[in-house]
Amino acid sequence: MVELTIDGIKTRVLEGTTVLEAAGEMGIVIPTLCYHPGLSAYGACRICIVEVVNGNSSSLEASCTLPVAEGQVILTNSAKVIKARKVIIELLIASCPNSKTLQDMAAEMGVNKIRFKIKDKDCILCGLCVRYCKEQMQSGGIGFIGRGTSRRVATAFGVTPEECRNCGGCEWICPVRERACMTDDLVNGLCGRCQNLVPVETCPVCTRCSESVGAHGHKVY
Amino acid sequence: MKRLKSAAELEELQARILSRRDPNRTCVVTSVGTCGLARGAEDVAQAISKTLSDLGLKDSIDVKTTGCQGFCEIEPVVVIYPERILYQQVTPADIPEVISESVIKNEVIERLLYSDPSTGQKIIHEQDIPFYTKQNRLLLDNNRLIDPHKIDDYLALGGYSTLAKALFEMVPEQVLEEVKKANLRGRGGGGFPTARKWESCRNAPSSDGVRYVICNADEGDPGAYMDRSLLEGNPHSVIEGMVIGAYAIGSHYGYVYVRHEYPLALKNLIIALEQAREYGLLGENILGSGFDFDIKISRGGGAFICGESTALMASLEGKIGEPRPKHIHTVVSGLNGKPTNLNNVETWANVPLIINKGADWYSQIGTEESKGTKIFSLVGKINNTGLVEVPMGITLREIIYDIGGGIPDGKKFKAVQTGGPSGGCIPESLLDLPVDFERLVQAGSMMGSGGMIVADEDTCMVDVAKYFVKFLTEESCGKCVPCREGLDRMLDILTDITEGQGKEGDIELLEELGGVIKETSLCALGSTAPNPVLSTIRYFRDEYEAHIKEKRCPAGVCKALITFTIDEEKCPGCQRCIKVCPQMAISGEKKKPHIIDQEKCIKCGLCRDICKFEAIIVS
């Protein structure tokens, strides 16, 4: 057993547990996007960052991949964490403005203004679908291609691979429900069931600002 | 080649090689590293061989081709031994004269000599050139004596004796202790104590005893080529270092991960590995000691991120080259989940030196915290472009002015960018900063693998920051959000600023965003990526403000913010600019001042470059 302190409360958890899991056991909610308990931790979205206090200094680490350690002191909701988390959600919304999940999360964090240029992507590249396909379906039909801003989820050579069993798991697990958007040809793409892809008519960014809900063509979810 | 079965046999072989060599024999050496090749050194080397055989001197005069000798500015270089007369920028047409006058008659050819840009003085001997005299070339000096295709050249310099010393006279713990005492730190950029890494890897549990040793030769920084030069010119020093390291760690499997873009380094390395294997210096039962170790080569596919240790190992495993969190270190669980020790090319090349000459000797060089020498590739707006190897603790001023020969065309120094794309820009006020791992970080930059790009007064620092951020945006693996999205948004803001669309608050937003990227990114690429932006804001904030508030680029670089006009008083109407303008934007009669049509002008600057009268005004 390992003893650590999360948000001022001492706890004992099994060795090998992650900080995210340890916090979860205590009922402390840390927002996540690329995490799923049934899949390997990936540490890509960085929404789940926590502050690891080490004497006078501290660092930010993604809690989903951070293993617990004896005597660790963790803050899940410090000013430093909130500040960084807000910028990260702002970056995500600027990239994928139409995602309801992201908008909800931003609203929760009190982010209601995007200072960056708005792009028109719809995949946050969390890799849940890729991991689901590989780890739960033992398929590996989809994967990442490209790097940097060109990175995207795709099938090899843009065709439905033999490995794909049309299970729809990738679509089911997508936290922003846009998995298949990345495929040009949906029928020949992954599963073809794209009911979640109905375009949402909203202003470019909806942060559920209470005063304007329903007005100016805003769509109320 | 006969397989060597003991240290004594190695010694015998070395003695035999030396006995066949006469140090006073004339030898014509051409350096054919990648930079030499780019400037036609291959043709020069062929011309030398041909001329000598035409003259029937093939048997009396030796010819040698070596790797890069570091002074790229003056390539192709031909050096005549034993006196070391150096001829610069030699063309094949010069060779008959070099052979007949200099080699045979022993007369110096004035016009091919190197002349010191600061004094204008002609220098005959290689060893007297200030570029070389002010350096401490512990690692690079042997490049000039070694034909990388001939292991005998390396053995003649006492090569692999250090390996024999380690294998037969020392136990692994002693080797480790020696490296620890020397306080060797990783030359790939992080500066992590090498011995501590080795020790952790040695002590990490491995169920089947498998441990890996990796040489990171995925050098991807723009303008940096230290590792390439070592691998091309002296591959055996790296191999020897790796075998010694593997012995200390208890590893039997090694990898060199080398960039696909380094074909010559790869070729020389393959040849070197084969020759080392034939002599029994690699493979099973090395030198009859009972120690087994072999090295495989893996070629990178051109991704910058694969220079990061965990991404490199993922790539070696055949997976996508993307980093993973390092909460469990690679020395505990790295390649294939086994304890893995990864060091950079230059670090490995340092190992034989330390074991051979001892930690006490080694730790005399350098500063308190950073020992030994460091190779920098000095490029950009500098007179003496090339590779410089200097002791740690030397000041930037000494590197740039004493070795680098200062800024060309009498321009003013503005900044030096160290540490590769994610390093920072250091201004003139900090030129007396001693170069070591800690000081560079304090100045907002870092050692990195050793790139050093000099900027002069005509360089726009916002543009520089934009260039590096663009590079990193493309080279980020794209896995984590702060690095992928954050850098892209940073690039958006910087692009706006350079295009005159910058607004109040942009600098603060860049600072805030930079801070978050630094703190929350998954790997070292992301956590250092904002450095070029943050350091230029720190030292050149006025330039950012001029772009944003006054819509003015002080250095006259950002096209959207400058206009080209012609000074009527200075323009004699020579029509040279009219001929060179690709847009036909300049008009005017002969001997009358010309005019630039602003609508057509694309601000390419060709007119400014060609004008002899400084009549083109950039404002």
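Scope of the values below: all heavy atoms of this structure, side chains included, with no hydrogens, waters or symmetry mates.
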(message) Suppose a student defines contact as a heavy atom less than 4.5 Å from any heavy atom of chain B. Which residues in residues 47-64 of chain A would they list?
(response)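 I49(A), L60(A), E61(A) fall under the 4.5 Å cut-off.
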(message) Heavy-atom cut-off 4.5 Å, strictly under: side chain, backbone, both or neither for R115(A) against chain B?
(response)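 Answer is both: backbone and side chain atoms of R115(A) are under 4.5 Å from chain B.
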(request) Answer with side chain, backbone, both or neither: which region of T65(A) has an atom nearer than 4.5 Å to a non-hydrogen atom of chain B? (result)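 For T65(A), the contact with chain B is made by backbone and side chain together.
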Rounded at 0.5 Å granularity, tell me how far [atom1] in [X] sits from [atom2] in [Y].
X       : Y       : atom1 : atom2 : answer
E90(A)  : L513(B) : CD    : CG    : 8.5 Å
T149(A) : K470(B) : OG1   : NZ    : 9.0 Å
C96(A)  : E485(B) : SG    : CD    : 6.5 Å
I517(B) : R46(A)  : CD1   : CZ    : 12.5 Å

(message) Between R151(A) and C477(B) (side chain of the first, backbone of the second, donor and acceptor by atom type, cut-off under 3.5 Å), is there such a pair?
(response)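 Yes: the side chain of R151(A) pairs with the backbone of C477(B).
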With side chains defined as the heavy atoms from C-beta onward, is the minimum distance between [X] and [Y] less than 4.5 Å?
X       : Y       : value
M490(B) : F116(A) : no
R147(A) : E474(B) : no
F144(A) : I320(B) : yes
E519(B) : K80(A)  : yes
D488(B) : K119(A) : yes
R484(B) : L125(A) : yes

(message) Out of L91(A), I88(A), L92(A), return the one with the most heavy atom pairs under 4.5 angstrom to chain B.
(response)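 The answer is L91(A).
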(message) Heavy-atom pairs under 4.5 Å with chain B: which of S95(A), G127(A), G143(A) has the most?
(response)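 Most heavy-atom pairs under 4.5 Å with chain B: S95(A).
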(message) Please give me the minimum heavy-atom distance between C480(B) and G43(A), naming the atom from each residue.
(response)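 So the two residues come closest at CB-O, 4.3 Å.
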[X], [atom1]: over 12 other non-hydrogen atoms inside 6.0 angstrom:
X       : atom1 : value
I328(B) : CD1   : no
E508(B) : CD    : yes
E70(A)  : CD    : yes
R299(B) : CZ    : no

(request) Considering only heavy atoms and a distance below 4.5 Å, find which of D492(B), I305(B), I493(B) pairs most often with chain A. (result)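 Option with the top pair count is D492(B).
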(request) Just give me the residue among D496(B), T473(B), T520(B) that pairs up with chain A most often, heavy atom to heavy atom, under 4.5 Å. (result)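 Counting heavy-atom pairs under 4.5 Å, the top option is T520(B).
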(request) Check step by step if side-chain contact (heavy atoms from CB on, under 4.5 Å) holds for Y42(A) and R324(B). (result) CA-CA 8 Å; Y42(A) 193 51; R324(B) 63 160 177 82; over 6 Å; no
(message) Under the ring-ring contact (aromatic ring centres under 6.0 Å, His included) definition, can you give me all pairs with a residue in residues 298-327 of chain B, not counting sequence neighbours?
(response)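 As it turns out, the ring-ring contact (aromatic ring centres under 6.0 Å, His included) pairs with a partner in residues 298-327 of chain B, which skip direct neighbours, are F304(B)-F471(B).
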(request) Examine whether an atom of V481(B) lies under 4.5 Å from a heavy atom of chain A, and if so say whether it belongs to the side chain, the backbone or both; otherwise answer neither. (result)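 Contact with chain A involves both backbone and side-chain atoms of V481(B).
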